[in-house]
Amino acid sequence: MSNIIGSVATSHIPAIGNAIHKGLQKDEYWQPFFDGFPPARAWLHAAKPDVAVVVYNDHGLNFFLDKMPTFAVGAAPVYTSEDEGWGIPTVPPVRGAPELSWAIIEQAVADEFDVTTCQEMLVDHACTVPLQLMWPEGWEGIRIVPIAINTVQHPLPSAKRCLAFGQSIGRAIRAFAQTLNVVVISTGGLSHQLEGERAGFLNPEFDDLCLNALINKPELLTRYSAHEIVELAGSQGAEILNWIVGRGILGGAAREVVRNYHIPISNTAAALQVLEPA
């Protein structure tokens, strides 16, 4: 059986990757954001994960508006990134954990989730930027299972459905035959909107509600419909669904180890939260 050691939830803004590339971590604009990560890295170093299950949303490398699965699970032996046009250099390939991927897929289908299985899959900034933030020296010793959630094309999955999907993934990990230490990395958000009349919209009050609920009352977030989440968090703030999936994977009672919240970074409420089993 495998062990879920905890979860890391963090923003995945492409500008973060550009700041890392340019060495701007101590820049006045960026420092309040990057200063939140040393405690999270120390926790991760002590926890020694073998595999990271990365819950994110694809931005067009694999899926676009004409073909957008609600839930997609990577089952490839290796994942590479490509130029997305954000000025972010591509990063070294990341090894997969296909045996665990298939266990997750089989459990999800048994639990009546219709997942898209990806035996070839590219990973974009929503996956690679968090890896750079958590393993700045490189991730050679880490394998990943990327899980893409539709937070882009309506109809979006409900928060309730996302929490249940995460719980299904958690059951698969705990029942997996190999002994692995697994960390959950959820990426995106928090509140932000990048287009339209509400461009630049932020909602610190709702962000705080979400961060507090995710510790031990994630079911509180399931009372919001997808449209209500967009209204409260902005159109891109729907990425909180990724965090809800991640909290479902962690399961059970949790305690907060690290929290950092800073606005605005690239018109986004940027946050970091580390949880571990209580």
All ring pair (Phe, Tyr, Trp, His ring centres under 6.0 Å) counterparts of Phe176, not counting sequence neighbours: none
Counterpart residues, ring pair (Phe, Tyr, Trp, His ring centres under 6.0 Å), relative to Tyr79 (two or more places apart): none
Donor-acceptor under 3.5 Å (Gln273 side chain, Leu211 main chain): yes
Pair Glu195-Ser235, side-chain hydrogen bond (donor to acceptor under 3.5 Å, both in side chains): steps then yes or no: CA-CA 8 Å; Glu195 78 295 305; Ser235 52; 2.7 Å; yes
Any side-chain heavy-atom pair of Pro157 and Phe71 under 4.5 Å: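 Sidechains of Phe71 and Pro157: in contact.
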Side chain to side chain, Ile263 and Pro204, heavy atoms closer than 4.5 Å: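 Ile263 vs Pro204: side chains touch.
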Glu120, CD: over 12 other non-hydrogen atoms inside 6.0 angstrom: no
Side-chain donor-acceptor contact under 3.5 Å, Ser191 with Asn203: no
Residues Asn212 and Asp208: side-chain donor-acceptor under 3.5 angstrom: yes
Transitive ILVMFWY cluster of Leu61, excluding itself - 4.5 Å side-chain cut-off: Leu122
Residue pairs passing the side chain to side chain donor-acceptor pair (under 3.5 Å) test where at least one lies in residues 43-59, sequence neighbours excluded: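 Residue pairs with at least one partner in residues 43-59: Trp43-Glu276, Asn57-His59, Asn57-Thr151, Asn57-Glu239, Asn57-Asn242, Asp58-Asn62, His59-Asp124.
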Any pair counted as side chain to side chain donor-acceptor pair (under 3.5 Å), so long as it reaches residues 18-34, sequence neighbours left out: Gln31-Asp35
Partner residues of Ile4 under the side-chain contact (heavy atoms from CB on, under 4.5 Å) criterion, sequence neighbours left out: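 Ile4: side-chain contact (heavy atoms from CB on, under 4.5 Å) contacts with Ile173, Arg174, Val184, Ile249, Leu250.
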Gln236 to His192 - nearest heavy-atom pair and separation: CB-NE2, 3.0 Å
